[in-house]
2 protein chains.
Amino acid sequence: MHSFTEENYLKAIYKLQEANGLIVATSALAQVLEVHAPSVTDMLKRMAGKKLVTYQKSKGVKLTEKGRQVAVGIIRNHRLWEVFLVDKLGYKWDEVHDLAEQLEHIHSEDLTNKLDMFLGFPKADPHGDPIPDANGILPKSKAVLLSTLKMGERGTFTGVTDHTPAFLNYLDKSGISLGNSIKVKAIEEFDQTYTIQLKDKKDTVISYKVANSLLVNKVETT
Amino acid sequence: MHSFTEENYLKAIYKLQEANGLIVATSALAQVLEVHAPSVTDMLKRMAGKKLVTYQKSKGVKLTEKGRQVAVGIIRNHRLWEVFLVDKLGYKWDEVHDLAEQLEHIHSEDLTNKLDMFLGFPKADPHGDPIPDANGILPKSKAVLLSTLKMGERGTFTGVTDHTPAFLNYLDKSGISLGNSIKVKAIEEFDQTYTIQLKDKKDTVISYKVANSLLVNKVETT
DNA sequence: TTAATAAATTAGGTTAATCTAATTTATTTT
DNA sequence: AAAATAAATTAGATTAACCTAATTTATTAA
Ligand SMILES: [Mn+2]
Ligand SMILES: [Mn+2]
Ligand SMILES: [Mn+2]
Ligand SMILES: [Mn+2]
């Protein structure tokens with residue numbers, strides 16, 4: 001099997017490929033993995049030897065198909081364990097990430113699939129992130145940032161792009177939860193502050209930074 | 001925290017201390033951990049430096065109180081996860097050990113305690129082994145080997161001393177399950193073969209080897 | 001109680017994963 | 001296009017956890 005370290009590199013490369021371009025820089029990996037650049041260079045060479053990535057000196061890395069399979073498998077584990085922790089053990093959504101970082105490295109496809117069944121084949125984790133299926137297929141979401149909506153538009157809150165406990169706590173405190181229907185009541189021109197209306201609640205004012213961290217499924221206003 | 005390797009050494013030392021004497025030999029550890037003796041010597045020195053064991057050159061090791069705490073914590077994790085796998089995910093008792101070997105190293109006391117609650121505070125794992133409580137206290141069992149019972153005596157089957165899938169499968173096939181009441185109907189003098197009666201079942205013949213791997217709570221015949 | 005055997009340690013390596021300091025390669029800026 | 005800056009790699013070490021071969025210490029047998 002692969003080491004935890006390799007798995008963390010694969011996951012990091014995968015996420016950087018998704019977020020930015022196709023090719024990932026040494027420095028970007030060093031930053032997210034919290035190691036120094038020469039460590040990354042070293043590791044990438046070893047992983048290239050195992051055909052997990054294609055590495056071009058001084059250019060960057062990409063996952064091979066094999067590497068992608070492993071990365072998506074880990075993400076599947078991570079998100080299923082997060083569902084377990086929240087739905088079954090009663091954790092809050094801001095408490096589960098670090099535990100899932102450990103649990104995602106348990107090596108057993110069979111366990112993953114049994115856990116999936118036990119949880120009722122959830123489609124998304126507690127933060128709204130989609131859970132890859134057993135074949136490594138991850139549904140393409142068409143959610144957009146709340147900050148892209150215009151006055152009067154509506155959406156359903158389906159995910160976050162900031163997963164920090166601080167932000168998640170802020171949402172709890174503000175009564176903003178996954179699944180809520182949101183309508184943009186006003187956008188302050190000066191600083192892009194949003195006034196939104198949550199179903200059955202009085203209007204709430206959120207900063208641009210917050211609006212830019214919330215994913216919504218836009219509801220077409222007919 | 002401690003590495004998985006250290007935790008496995010601690011667990012191995014703990015089990016050897018319980019089974020045999022107070023002091024554990026390098027060779028015994030090498031055998032159960034499947035490494036070579038110089039590796040053990042090396043590791044024991046490092047662990048002694050961390051005050052997890054007391055190590056006397058060429059004599060052997062013992063756990064310190066700190067080392068014992070860690071060891072029992074891991075055993076608690078292991079057994080709780082085994083209960084989870086069997087009770088919640090539907091695994092059979094002969095399939096869970098290797099997975100629990102991985103899960104036992106998840107570091108979170110809080111997770112362990114929440115899992116314990118979720119499982120309903122089980123007293124024993126699927127093999128009848130007692131689960132230490134949150135304070136590291138492990139109830140002393142008074143179970144004895146079935147092979148120590150005499151003709152006509154009775155007991156309740158509460159545990160096994162052989163945890164191999166082969167043996168556990170044999171018990172399944174023979175219809176012998178934890179909690180069964182067992183009466184010794186006959187003991188063949190020649191080879192110590194036992195004829196036992198299981199509640200509501202016809203008599204079953206088991207070898208001495210089997211009788212010597214089953215733990216029972218003896219029922220005083222009034 | 002010496003000799004033979006078994007157990008444990010020391011000596012000297014290896015590999016994965018990290019580091020710092022020095023150097024090379026790539027990208028910007030003038 | 002040269003100079004300046006930034007990014008990446010090489011060189012050389014370190015640490016944990018292992019190994020084999022050689023040596024020492026302890027136990028058992030003669
Ligand atoms: Mn997470
Ligand atoms: Mn998540
Ligand atoms: Mn087990
Ligand atoms: Mn068990």
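Lettering of chains follows the sequences in order, A, B, ..., and the numbering in each one begins at 1. Bear in mind the structure is a predicted one, so any value in this text is a computation, not a measurement.
Straight-line distance from the CG atom of B:Leu33 to the P atom of D:dC19: 10 Å, rounded to whole Å. One can place CG of A:Leu52 at 16 Å from C1' of C:dA17, the figure rounded to the nearest angstrom. B:Leu44 has its CG atom 14 Å from the C1' atom of D:dA16, to the nearest Å. Whole-Å rounding puts the B:Met47 CE to D:dA17 C1' distance at 13 Å. Between the CD atom of A:Glu7 and the P atom of C:dA17 there is a distance of 11 Å, rounded to whole Å. Atom-to-atom, CG of A:Leu29 to P of D:dA8 comes out at 9 Å; the value is rounded to the nearest Å. Nucleotide C:dA16 holds its P atom 16 Å from the CE atom of A:Met1, rounded to whole Å.
Taking B:Asp172 as the reference, B:Trp93 meet the side-chain hydrogen bond (donor to acceptor under 3.5 Å, both in side chains) condition, with sequence neighbours excluded.
For B:Lys88, the NZ atom is densely surrounded, since the number of other residues' heavy atoms within 6.0 Å is greater than 12. Summarising the local packing, NZ of A:Lys66 is surrounded by more than 12 heavy atoms from other residues, nucleotides or ligands at distances under 6.0 Å.
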Please tabulate, for side-chain N and O atoms in residues 20-44 of chain B, each donor-acceptor pair with protein atoms closer than 3.5 Å (sequence neighbours left out).
from: B:Ser39; atom 1: OG; to: B:His36; atom 2: O; distance (Å): 3.4
from: B:Thr41; atom 1: OG1; to: B:Ala37; atom 2: O; distance (Å): 3.4
from: B:Asp42; atom 1: OD2; to: B:Arg46; atom 2: NH2; distance (Å): 3.1

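Between D:dA8 and A:Tyr55, no contact under 4.0 Å exists linking OP1 or OP2 to a side-chain N or O. Taking 4.0 angstrom as the limit, A:Ser3 places a side-chain polar atom (N or O) nearer than this to OP1 or OP2 of C:dA17. B:Lys45 has a side-chain polar atom (N or O) that falls below the 4.0 Å cut-off from OP1 or OP2 of C:dT10. Residue B:Ser27 places at least one side-chain N or O under 4.0 Å from the OP1 or OP2 atom of C:dA8.
Annotation: cation-pi pair B:Lys114/A:Tyr91 present, NZ/CZ under 6.0 Å from the ring centroid and within 45° of its normal. With a 6.0 Å cutoff to the six-membered ring centre and a 45° limit on the axis angle, A:Lys45 does not count as a cation-pi contact of A:Tyr55.
Defined by atom type and a distance below 3.5 Å, a donor-acceptor pair is present between the side-chain atoms of B:Thr112 and B:Asn77. Looking only at atom types and distance, the side chain of A:Glu65 has a donor-acceptor partner in the side chain of A:Gln69 under 3.5 Å away. Counting only N and O atoms by type, the side chains of A:His107 and A:Glu7 include a donor and acceptor under 3.5 Å apart. When only modelled atom types and interatomic distance are considered, A:Ser108 and A:Asp110 share no side-chain donor-acceptor pair under 3.5 Å.
With respect to the salt-bridge test (charged N to carboxylate O, under 4.0 angstrom), the residues B:Glu104 and B:Arg79 do not qualify.
Where A:Glu6 and B:Thr41 each meet DNA chain C at their nearest nucleotide, the meeting point lying more 5' is that of B:Thr41. Nearest-nucleotide positions on DNA chain D for B:Lys50 and B:Val40 put B:Lys50 closer to the 5' end.
Stem analysis of DNA chain D (Watson-Crick or G-U pairs, both distances under 3.5 Å, runs of at least three) returns C:1-30 with D:1-30.
For residues 115-131 of chain B, the side chain to side chain donor-acceptor pair (under 3.5 Å) pairs, not counting sequence neighbours, are B:Arg76-B:Asp116, B:Glu82-B:His127, B:Asp129-B:His163.
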Report each atom pair, protein N/O against N/O of nucleotides 24-27 of chain C, whose distance is under 3.5 angstrom.
none

Interface polar pairs with nucleotides 18-21 of chain C, N/O, under 3.5 angstrom:
from: C:dC19; atom 1: OP2; to: A:His36; atom 2: N; distance (Å): 2.9
from: C:dC19; atom 1: OP2; to: A:Ser39; atom 2: OG; distance (Å): 2.4
from: C:dT20; atom 1: OP2; to: A:His36; atom 2: ND1; distance (Å): 3.0

